[in-house]
Amino acid sequence: MVKTKVFIVDPLNPDEEVLKQCCREIRSRSTTVVFPTETVYGLGAYIFDIYAVKRIFAIKERPIDNPLIVHISKFDHLYEVAEDIPDNFKDVTKKLWPGPITFILKKHREVPNEVSGGLPTVAVRMPAHPVPLRLIDCSGPIAAPSANISGRPSPTIPHHVYVDMFGRADMIIDGGETFLGVESTIVDLTTDTPKLLRPGPLPIEKLREILGKDIVVPNFAKGLSESNIALAPGTKYKHYAPKTPIVVVESSDYHDLKKYTNAVIEVIKNYLNHRYVIIASRETAEEYKSMELNTIVIGSRYNLYEIAKNLFKVLRDVDRMGVDIAIVEGFPEIGIGLAIMNRLRKASGYNIVRV
Ligand code: TXA
Ligand code: MG
C-alpha cells in the first residue's frame, strides 16, 4: 500500500503551489498522479519516465498491450510525441483543442513502447481543464488512462477516485466532479479515411464538419468482437461494468420504450422474482412510479449531457443497492448519445432488448 498524498484544489483556479509540487515530484521522483480532466479523472505519469509509466499498469491492473493517451498542454508538445503529422492538423485541431477529443497519430520514435502498448501509433489529446493544462505546462507530456481499476466505470467524482486509487497512486489532485462524464472521442488519423475508434462527448457530426472529411463509424451497436482490427485496443476488454447484471431496453419510439420497459419489469419481478432497479429518464420515470423506490433518475431525455455526466456515477451506485439486476432505458444516439449508448451496451455485456 502506497502513502497517497491528497491535494484539494479549485478546478477553475487551482493553487499554483500545489501544481508546482506535483510537477516537481512527477519529474524528479518517478511518481504517479491522479488528476481531473473535463471528461473523467486520469492516472498519469511523465511519458519519458518508464518506471512510472509501468506503475500505471500495475496500479490499474491494466493489460500492458492497452496503450495510454498522451496528454499535452500546447502544440510544442505535439512534435515531441508524434511524427508525420498531417499538414493541416494544427489548423483543424486549433478548433477542437483543448477539448474532449483524442487523435491517433504516428508515434515519435522517442516515445517509450510502454506508453503505446508496442504500437507504432500514439493517442494524443489536450484536455480542456485548468488543472492538467497547468500541470503539463510545467511537467511536459503526461501519459494517462482513466483513473479506475480496469473494468470498472471511469471515475467522475472524487469519492470514486478515492475508492479506486487511494493507497495505490502516489498523489491525488481532487478537483471535484468532472464536467462531461464520459471519456474523450477517439479518432484514428493514420488511415486514409479517419476512423472513429470510440464515441465521446465531441459529436461525430461536428467533427466531420471541422475536419472537412468523412469519418468511418463502425457499428458500435453490435458489440465489437475481440478480433475487430484497428479499433482502440482497450475497447476489446470488458469495461464500465458494475458487478450487478444490466439489461438495456432500446426503442426509437418513446411510447414503445415505456411499454417494453414495463414488460421487462414484469418478467423480472413476477417470473424471475428478482430484486431490481430501474434507471430511467426524468420524463419516463413517472411511468414506473408504482415502483418508485426502485427507480433512479439519471437525467433528462432532452439533455443528453446531463445523462452523460451522471452515467458512471449511477453505474457505480447500482452496486451498492443490493439488487439482482438493473433495467436501463436506452437513449437516442444523437450527439453525445452515441457515447452514452456505447458505454451502456458495454456495461450490459450487450444484454439488450431492442424493439
Ligand atoms: O477522456 C479520456 O480520454 C480519459 C482522460 C483521462 O483523458 N482517458 C481515457 O483513457 O479514457 P483510457 O486509457 O481509459 O482509454 C484510452 C483508449 C483505450 O481504449 C486505448 O486502447 C486507446 O485509447 N488507445 C490508446 N492509444 C491508442 C493507439 N495508439 N491506437 C488505438 N487506440 C489507442
Ligand atoms: Mg479507461
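Because the structure is a prediction, the values reported are computed rather than measured. Numbering of ligands and ligand atoms starts at 1, following listing order. When reading the values below, keep in mind they use all heavy atoms of this one structure, side chains included, and skip hydrogens, waters and symmetry mates.
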Is the Mg ion (ligand 2) less than 2.8 Å from an N/O/S atom of Ser146, whether that atom is in the backbone or a side chain?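 Here the distance criterion (N, O or S atom, under 2.8 Å) is met by Ser146, so yes.
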
Does the residue Arg62 have a heavy-atom contact with ligand 1, meaning some pair of atoms that are separated by less than 4.0 Å?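 It does; at least one heavy atom falls under 4.0 Å.
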
Mark the output for Lys107 as yes if a heavy-atom distance to ligand 1 is under 4.0 Å, and as no if none is.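 In this structure, Lys107 fails to qualify as a contact of ligand 1 - no heavy atom is under 4.0 Å.
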
Between Leu197, Thr37, Val34, Ile69, flag the one that comes closest to atom 8 (N) of ligand 1 by a heavy atom.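 Comparing heavy atoms across Leu197, Thr37, Val34, Ile69, the nearest one to atom 8 (N) of ligand 1 lies in Ile69.
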
N/O donor-acceptor pair under 3.5 Å between [X] side chain and [Y] backbone:
| X | Y | result |
| --- | --- | --- |
| Thr31 | Glu25 | yes |
| Arg27 | Ser139 | yes |
| Arg198 | Ser184 | yes |
| Asp253 | Asp256 | yes |

Contact atoms of ligand 1, heavy-atom distance to [X] under 4.0 Å:
| X | result |
| --- | --- |
| Gly42 | 6 (C) |
| Pro145 | 10 (O), 12 (P), 13 (O) |
| Ser146 | 8 (N), 9 (C), 10 (O), 12 (P), 13 (O), 14 (O) |

Say whether Ser184, considering both its backbone and side-chain N or O atoms, lies within less than 3.5 Å of an N or O atom on ligand 1.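 Min N/O separation from ligand 1 is below 3.5 Å for Ser184.
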
Could an N or O of ligand 1 be found under 3.5 Å from any N or O of Lys60, whether backbone or side chain?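 Checking ligand 1 against Lys60, no N or O pair falls under 3.5 Å apart.
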
Please state which part of Thr121 comes within less than 4.0 Å of ligand 1, counting heavy atoms only: side chain, backbone, both or neither.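 Within the 4.0 Å criterion, Thr121 contacts ligand 1 through backbone and side-chain atoms alike.
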
Once you restrict to heavy atoms under 4.0 Å, what part of His71 touches ligand 1? Side chain, backbone, both or neither.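 It is the side chain that touches ligand 1; the backbone stays farther off.
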
Under a 4.0 Å threshold between the charged nitrogen and the carboxylate oxygen, would Asp164 count as salt-bridged to Arg152?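 Yes.
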
Pair Arg345 + Glu250: basic N to acidic O under 4.0 Å: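 Between Glu250 and Arg345 there is a salt bridge, with a charged N closer than 4.0 Å to a carboxylate O.
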
So among Lys269, Arg275, Lys243, which one has a salt bridge (charged side-chain N to carboxylate O under 4.0 Å, His left out) with Asp324?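 Result: among Lys269, Arg275, Lys243, Arg275 is the only option passing the salt bridge (charged side-chain N to carboxylate O under 4.0 Å, His left out) with Asp324.
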
For Phe179 and His129, take the angle between the two ring planes, folded into 0 to 90°, and tell me which bin it lands in: parallel under 30, tilted 30 to 60, perpendicular over 60.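 Correct class here is parallel.
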
